[in-house]
Amino acid sequence: SLKRLWPYFLATDAREWFVENVTDGRLNTAKMRFDFPVGSIGERGEDKRIPEDGLTILGTAQEVSLLPLPGFPIIDIGGTTTIKVKDHFIEMGFDKGMVSDAAGQVEISNAAYLNRNTFPKDQVFEISGDLKGDVSTLIAIASKEPLNLLEDFDLEYKPEDLTGAADINVIATISQFGDGKPQGLDYTLNGNVDDFASSVPIEGHEVKDGDLQFTASQAGYQASGRV
């Protein structure tokens with residue numbers, strides 16, 4: 001509904017983001033305001049910034065499916081999604097959703113997606129939220145395209161070697177070039193894993209019935225607790 005209500009020739013970059021990344025959902029409420037003075041709308045194919053206070057959209061939606069970035073599993077949001085668009089600024093938030101991957105499912109809650117400027121071809125956006133799921137599923141998603149969070153670490157194990165219930169808070173800033181592929185990622189993870197176990201030794205030690213607390217970023221990771 002929002003795609004149909006939003007004229008294709010107004011704020012084309014922000015509208016294009018919605019068309020490509022919000023793949024499903026039902027619009028509950030929407031308040032839309034367009035204020036484009038004469039000469040402020042670009043010709044077809046012309047990139048032109050939205051004038052200040054030219055676009056305002058406030059809305060809520062249900063059963064939204066969100067593609068945060070190309071190659072990432074779709075997030076199916078079960079409850080209400082809030083939507084805020086202010087010129088080139090886009091913010092979305094939701095209470096709870098589910099990420100489904102071949103490796104399993106991960107619950108994401110208290111989540112926010114923020115793009116401060118949709119105008120440049122090279123984008124920078126922020127994602128935050130709380131993740132719950134099996135540690136092997138979380139590592140499997142983090143290890144492959146498009147995130148590749150563990151490519152710089154020489155680990156002795158594979159995701160499928162690990163088990164345990166993970167509860168993680170994540171804050172990430174992602175740089176995305178004009179081709180849509182992530183090119184830079186800064187992230188901070190804080191959380192714990194209950195009943196942690198590995199089917200292969202880690203640093204020469206058998207690991208089972210563990211309870212771990214950890215922090216991680218692109219610079220490295222630290223873990224403590226009982227194993």
Side-chain angles (χ1 to χ4, degrees), residues 1-6 14-32 56-86 89-116 118 123 125-147 149 159-160 162-174 176 180 182 185 187-195 214 216:
S1 299
L2 185 58
K3 297 173 185 177
R4 291 195 297 268
L5 292 171
W6 190 336
R15 185 184 186 279
E16 182 178 304
W17 184 91
F18 264 95
V19 171
E20 293 180 352
N21 294 275
V22 181
T23 60
D24 201 1
R26 186 179 72 254
L27 190 65
N28 288 343
T29 62
K31 181 179 180 181
M32 308 176 70
T56 302
I57 299 175
L58 300 173
T60 60
Q62 296 289 129
E63 308 299 330
V64 169
S65 294
L66 173 65
L67 179 64
L69 64 157
F72 192 84
I74 288 177
I75 302 175
D76 293 312
I77 304 167
T80 299
T81 300
T82 59
I83 303 167
K84 178 182 179 181
V85 181
K86 182 66 173 178
F89 176 97
I90 293 178
E91 182 178 8
M92 298 180 68
F94 57 89
D95 292 332
K96 186 173 292 187
M98 192 69 68
V99 178
S100 298
D101 182 77
Q105 291 188 318
V106 174
E107 179 185 292
I108 178 170
S109 58
N110 305 315
Y113 173 97
L114 179 65
N115 188 328
R116 297 183 184 276
T118 63
Q123 298 285 299
F125 55 91
E126 302 168 24
I127 297 176
S128 62
D130 299 318
L131 307 177
K132 288 185 178 182
D134 191 85
V135 66
S136 62
T137 302
L138 286 163
I139 293 177
I141 294 174
S143 299
K144 59 187 179 183
E145 293 284 354
L147 298 180
L149 296 189
E160 57 267 27
L162 309 177
T163 59
D167 189 344
I168 303 170
N169 175 263
V170 58
I171 301 174
T173 301
I174 302 171
Q176 179 177 306
L185 176 62
Y187 65 92
T188 301
L189 306 177
N190 294 281
N192 60 270
V193 183
D194 296 331
D195 300 322
F214 69 90

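Computed from a predicted model, the values in this text were never measured in an experiment. Just so you know, these numbers use all the heavy atoms, side chains as well, and skip hydrogens, waters and symmetry mates.
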**Item:** Pair I174-Y187, side-chain contact (heavy atoms from CB on, under 4.5 Å): steps then yes or no
**Value:** CA-CA 8 Å; I174 302 171; Y187 65 92; over 6 Å; no
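- The two residues T137 and A103 make their nearest non-hydrogen contact at OG1-O, 3.1 Å.
- How far CG of D167 is from CG of D130: 7.0 Å, rounded to the nearest 0.5 Å.
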**Prompt:** Run the side-chain contact (heavy atoms from CB on, under 4.5 Å) check on I108 and M98 step by step: do they pass?
**Reply:** CA-CA 6 Å; I108 178 170; M98 192 69 68; over 6 Å; no
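- Put simply, the side chain of D101 does not reach to within 4.5 Å of the side chain of V106, judged on heavy atoms.
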**Item:** F89 vs E91, side-chain contact (heavy atoms from CB on, under 4.5 Å): CA-CA, chis, key distance, verdict
**Value:** CA-CA 7 Å; F89 176 97; E91 182 178 8; 3.7 Å; yes
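- Contact check for K96 versus I77: no side-chain heavy atoms found under the 4.5 Å cut-off.
- Of the residues N21, T81, D76, the one that meets the side-chain contact (heavy atoms from CB on, under 4.5 Å) test with S65 is D76.
- For the side-chain contact (heavy atoms from CB on, under 4.5 Å) test with I90, the passing option among I57, V85, L114 is V85; the others fail.
- Closest approach of S100 and Q105 over heavy atoms only: OG-NE2, 3.0 Å.
- Contact detail for A61 and I83: the closest heavy-atom pair is CB-CD1, 4.3 Å.
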**Asked** Under the side-chain contact (heavy atoms from CB on, under 4.5 Å) criterion, do T29 and K31 qualify, and how do the steps go?
**Response** CA-CA 7 Å; T29 62; K31 181 179 180 181; over 6 Å; no
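- Other residues, nucleotides and ligands contribute over 12 non-hydrogen atoms within 6.0 Å of the NZ atom of K86.
- Residues I75 and G97 approach most closely at CG2-CA, 4.5 Å, considering heavy atoms.
- Note that the OG1 atom of T188 and the CD1 atom of I168 stand 13.0 Å from one another [nearest 0.5 Å].
- Here the CD1 atom belonging to I127 is positioned 10.0 Å from the CG atom belonging to N115, to the nearest 0.5 angstrom.
- A donor and an acceptor atom, one from each side chain of E160 and S136, are nowhere located under 3.5 Å apart.
- One distance of note links CG of L131 with CG of N169; it measures 8.0 Å at 0.5 Å rounding.
- Rounded to the nearest 0.5 Å, atoms CZ (F94) and OG (S109) are 8.5 Å apart.
- Here the straight-line distance linking atom CG of N28 with atom OG1 of T82 works out to 11.5 Å at 0.5 Å rounding.
- No side-chain donor-acceptor contact under 3.5 Å links T173 to the backbone of E126.
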